[in-house]
Engineer: 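I am attaching a structure below and will ask some questions about it afterwards.
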Number of protein chains: 2
Amino acid sequence: MPIDTQDRLLNAAEKLFAEHGISETSLRAITTEAQANLAAVNYHFHSKEGLIKAVFARRLEPINQQRLDLLTVAEQQAAPNPPPLEEIITAFLGPALRLSIHPEHGGPHFMRLIGRLFSEPSEFKMVIHEQFEEVRRRFFAAFQAVLPNLGPEELFWRFHFMVGAMAHTAAAGEILEHISGGHCDQSDPEATLRRMTAFVAAGFKADLPAA
Amino acid sequence: MPIDTQDRLLNAAEKLFAEHGISETSLRAITTEAQANLAAVNYHFHSKEGLIKAVFARRLEPINQQRLDLLTVAEQQAAPNPPPLEEIITAFLGPALRLSIHPEHGGPHFMRLIGRLFSEPSEFKMVIHEQFEEVRRRFFAAFQAVLPNLGPEELFWRFHFMVGAMAHTAAAGEILEHISGGHCDQSDPEATLRRMTAFVAAGFKADLPAA
DNA sequence: GTCTATAGGGGGATAGAC
DNA sequence: GTCTATCCCCCTATAGAC
């Protein structure tokens with residue numbers, strides 16, 4: 001069955017935004033890729049900005065919902081204790097890292113987009129940060145529960161470092177394989193998830209640096 | 001003494017690129033900010049692309065040179081043993097994180113630019129990756145020497161995670177203070193360096209994840 | 001070296017026919 | 001809902017006077 005024009009536009013925009021950047025992608029390029037008419041974007045999304053927001057909204061909500069669900073399950077299983085650190089980290093990183101093997105949820109294209117998102121100019125970021133509000137709050141509380149010896153400042157920094165490792169990996173795309181001389185294989189997201197979780201968990205558990 | 005037109009253009013471009021993004025910044029905005037004529041960019045740098053490359057070249061070479069120098073010193077001090085892990089990490093992260101307090105070397109503007117660089121579209125990245133070639137090679141070897149139990153694949157991934165934490169922090173700018181509710185203070189780069197080093201060093205030393 | 005003026009192209013958005 | 005045609009703006013780059 002054929003895909004709706006609206007979805008073809010979203011798919012084309014997602015792909016081209018990820019490959020060339022948002023500002024670098026013209027509506028003309030998008031409508032050509034989607035085999036739609038130039039005016040279709042304005043009809044369906046009112047403007048380029050409307051299209052951009054729609055591209056992100058379509059994917060972000062499910063990912064963040066999945067994160068919250070996984071965290072909830074982990075918390076219920078461990079109750080009344082807090083869930084182990086590694087499980088919290090996996091609940092956060094997993095849904096994002098697994099994107100690459102779910103073409104029906106954007107696959108590698110959206111993964112690169114989301115990785116790049118964090119370093120976009122501030123105008124774009126503001127819209128998106130609201131989407132992460134609840135996720136940040138819930139996970140922050142979960143981290144505090146298993147790491148009671150870390151103050152909020154230190155904890156926030158470590159959370160930030162984790163997001164950096166994740167975003168950088170997501171944004172890297174196939175480039176990573178090239179610069180590593182073939183050492184880094186991204187085709188298995190579960191393997192990447194295990195590596196990243198091990199690294200990040202150790203970082204969270206690190207001794208406080210000497211002041 | 002007044003500053004050269006060429007430098008005013010580089011400074012203006014650096015600032016505006018960091019604030020709004022490269023593609024989003026027009027030569028008109030740059031020449032206005034620099035109080036120079038529109039044609040000046042083409043006269044001094046031949047094209048917008050020439051200006052972009054000049055903006056990066058001016059700052060990247062000194063940073064990477066400093067990294068190599070710090071690594072060399074650490075290696076000489078520790079010889080014939082490899083330098084401790086923390087010193088290698090500090091040699092890599094320090095020159096980048098300290099940028100923010102050196103206005104004469106671009107300060108916070110270039111810091112945000114360099115952080116964003118890694119997630120720019122591939123066209124920009126290719127030019128830049130060559131600049132990092134030697135740094136990557138030397139540091140990779142240094143890491144291998146102190147962490148002989150890690151295979152090249154695992155080591156490359158951890159190197160990658162470290163770069164992610166650094167780039168994400170650099171790109172975040174003042175946003176970080178807002179979203180952390182004031183918890184994260186970026187005004188002291190040495191404190192950030194200590195935090196990041198502690199986190200990353202623990203990550204490097206983490207046990208291998210179960211396959 | 002620095003300016004004005006302009007060429008020449010591409011962009012987003014919209015009106016109005018179908 | 002979809003198309004064509006077009007408006008109007010802003011962009012980069014350059015020619016040529018000073």
Engineer: Tell me, please, which residues at least two apart from B/F92 pass ring-ring contact (aromatic ring centres under 6.0 Å, His included).
Structural biologist: B/F139, B/F159
Engineer: Would you say B/T5 places a side-chain N or O within less than 4.0 Å of OP1 or OP2 belonging to C/dT2?
Structural biologist: yes
Engineer: Donor-acceptor pair, distance only, cut-off 3.5 Å: does the side chain of A/D7 make one with the backbone of A/I3?
Structural biologist: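 Not confirmed, A/D7 side chain does not pair with A/I3 backbone.
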Engineer: NE2 of A/H44 versus C1' of D/dC3: gap in Å, rounded?
Structural biologist: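 Between C1' of D/dC3 and NE2 of A/H44: 12 Å.
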Engineer: In whole Å, I'd like the distance from the CZ atom of B/F45 to the P atom of D/dT14.
Structural biologist: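 From B/F45 CZ to D/dT14 P: 16 Å.
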Engineer: How does protein contact run along nucleotides 11-18 of chain C, one letter per nucleotide 5' to 3', with B for base contact, S for sugar-phosphate only, - for none, heavy atoms under 4.0 Å?
Structural biologist: BBBB----
Engineer: What I want to find out is whether A/R58 reaches A/E14 closely enough, with some N-O distance under 4.0 Å, to be called a salt bridge.
Structural biologist: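 Yes, this pair counts.
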Engineer: Please confirm whether the ring centroid of A/H168 lies under 6.0 Å from the ring centroid of B/H160.
Structural biologist: yes
Engineer: Taking NZ, NE, NH1 and NH2 as the nitrogens, is one of them in A/E75 or A/R138 under 4.0 Å from a carboxylate oxygen of the other?
Structural biologist: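 Judged by the 4.0 Å cut-off on N to carboxylate O distance, A/E75 and A/R138 do form a salt bridge.
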Engineer: Which residues pass the salt bridge (charged side-chain N to carboxylate O under 4.0 Å, His left out) test with B/E190, sequence neighbours left out?
Structural biologist: B/R98
Engineer: Take the protein atom CG of B/N37 and the nucleotide atom P of D/dA13, then report the distance between them rounded to whole Å.
Structural biologist: 15 Å
